[in-house]
Amino acid sequence: AAKDQGRNRFSYFTPSLQTAALARLRMTNDLRVAIAEQHLQVYFQPIVDLHTGRIQKAEALVRWRHAQLGFISPMEFIPIAETSGLILAIGDLVFRESVKWVKQWRQDYHPDFQVSVNQSPMEFQGDQERYVNWIQYLADQNLPGQAIIVEITEGLLLDASHKITSKLLQFRDAGIQVALDDFGTGYSSLSYLKKFDIDYLKIDQSFIRNLAPDSSDIALSEAIIMMAHKLGLKVVAEGVETTQQSQLLEQAACDFAQGYLFAKPLPPEEFELLLQQQKASAS
Ligand code: C2E
Ligand code: MG
Ligand code: MG
Ligand code: MG
């Protein structure tokens with residue numbers, strides 16, 4: 001019976017595995033073409049200072065509009081970009097686009113404006129030379145490192161290799177800040193917060209979703225915020241969708257918030273309209 005089952009499983013899985021492998025292969029090829037033909041776009045989502053209500057930063061989020069399939073979620077193509085190595089080209093183009101816009105927004109709206117870019121583990125663990133080039137690119141554009149924040153995930157810090165530490169030092173020396181993305185979803189070993197030089201914790205949206213007075217999630221968020229502040233880190237809440245969530249976070253002394261309540265990720269020209277409105281209402 002076990003043999004039969006094994007055989008059944010084999011014949012059942014083979015075609016779907018093949019289909020999945022073909023789909024991945026096709027997506028990898030399409031992605032390579034999309035990069036070459038500049039079909040990837042960078043959107044920007046506001047990060048709001050909860051004390052002032054003003055947009056202080058933006059997160060750069062990559063978008064792929066496939067000619068036949070329409071928008072494909074980064075959740076789908078980033079993993080494929082990682083395994084194929086295409087993530088490096090994507091990361092470079094997101095970085096350059098972010099630099100272009102942060103330069104303009106610092107000039108026209110806010111001298112301290114920052115854009116935050118995501119780095120997936122494969123990118124961050126790669127060649128140190130790549131970030132030397134980034135830092136040089138910023139200097140060529142007459143921008144300080146402070147214009148850029150790099151978002152990494154907790155998992156990276158678990159294997160506390162020399163490579164990771166030296167990259168974090170490389171960023172710190174250049175003035176580039178570092179944020180820990182999706183905080184709370186990984187192993188959340190708190191010891192590395194003391195050990196590594198991290199500037200921001202981004203509380204994952206899974207904690208924000210069910211925020212309510214007296215809920216366990218608000219208790220957790222308050223504890224994270226308090227701990228972060230004691231260690232000298234600022235906190236960004238992700239996925240804020242309601243005014244109640246925003247108010248609870250403000251009461252908990254959270255520093256920044258990001259989410260659909262303020263705006264969805266937007267093309268740069270639309271994002272800039274928000275900065276224009278803000279400027280108009282302040283004067
Ligand atoms: P992330 O870095 O945690 O980005 C936040 C995600 O939450 C974004 O999804 C954003 O659109 C979404 N979001 C923001 N506010 C809300 C809200 O109020 N409600 C809900 N339900 N969602 C909200 P997105 O753009 O689909 O990106 C998904 C993930 O893909 C990102 O998660 C990040 O890990 C990755 N990613 C996106 N762009 C890049 C990139 O340029 N490079 C790398 N390496 N990864 C990227
Ligand atoms: Mg992020
Ligand atoms: Mg996140
Ligand atoms: Mg620091």
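What you see below is based on every heavy atom in this structure, not just the backbone, and it leaves out hydrogens, waters and symmetry mates. Atoms within a ligand are numbered from 1 in the order they appear, just like the ligands themselves. Numbering of residues begins at 1 and proceeds along the displayed sequence. Not measured: the values here are computed from a predicted model.
- For atom 5 (C) of ligand 1, the nearest non-hydrogen atom from the set Glu238, Lys202, Glu76 comes from Glu238.
- Taking backbone and side-chain atoms together, Asp182 has an N/O/S atom less than 2.8 Å away from the Mg ion (ligand 3).
- When the options Asp204, Val235, Leu201 are evaluated for a side chain to side chain contact (heavy atoms under 4.5 Å, CB included) with Phe183, the one that passes is Leu201.
- Closest to the Mg ion (ligand 2) among the N, O or S atoms of Glu59 is OE2.
- Using cut-offs of 30° and 60° for the angle between ring planes, the Phe271 and Phe113 rings count as perpendicular.
- In this structure, atom 1 (P) of ligand 1 has a protein heavy-atom contact shorter than 4.0 Å.
- Aromatic ring centres of Trp134 and Tyr131 lie closer together than 6.0 Å.
- In the vicinity of Gly239, heavy-atom distances shorter than 4.0 Å reach the ligand 1 atoms 16 (C), 17 (C), 18 (O).
- Atom OD1 is the N/O/S atom of Asp181 found closest to the Mg ion (ligand 3).
- For atom 39 (C) of ligand 1, the nearest non-hydrogen atom from the set Thr153, Asp204, Val62 belongs to Val62.
- Within the 4.0 Å heavy-atom criterion, neither part of Lys264 lies near ligand 1.
- Put simply, atom 32 (O) of ligand 1 has no protein non-hydrogen atoms near it, under 4.0 Å away.
- Under 4.0 angstrom from ligand 1, there are no non-hydrogen atoms of Leu261.
- Proximity of Ser120 to ligand 1, defined as any heavy-atom pair under 4.0 Å, is shared by backbone and side chain alike.
- At least one side-chain heavy atom of Ile35 sits less than 4.5 Å from a side-chain heavy atom of Leu86.
- Asp197 has a carboxylate O that lies under 4.0 Å from a charged side-chain N of Arg172, or vice versa, which qualifies the two as a salt bridge.
- For a distance bound of 2.8 Å, the N, O or S atoms of Glu151 include none lying that close to the Mg ion (ligand 3).
- For Met226, the CE atom sits in a loose shell: 12 or fewer heavy atoms of surrounding residues, nucleotides or ligands are nearer than 6.0 Å.
- Contact analysis leaves Glu82 out of contact with ligand 1, as no non-hydrogen atom separation drops below 4.0 angstrom.
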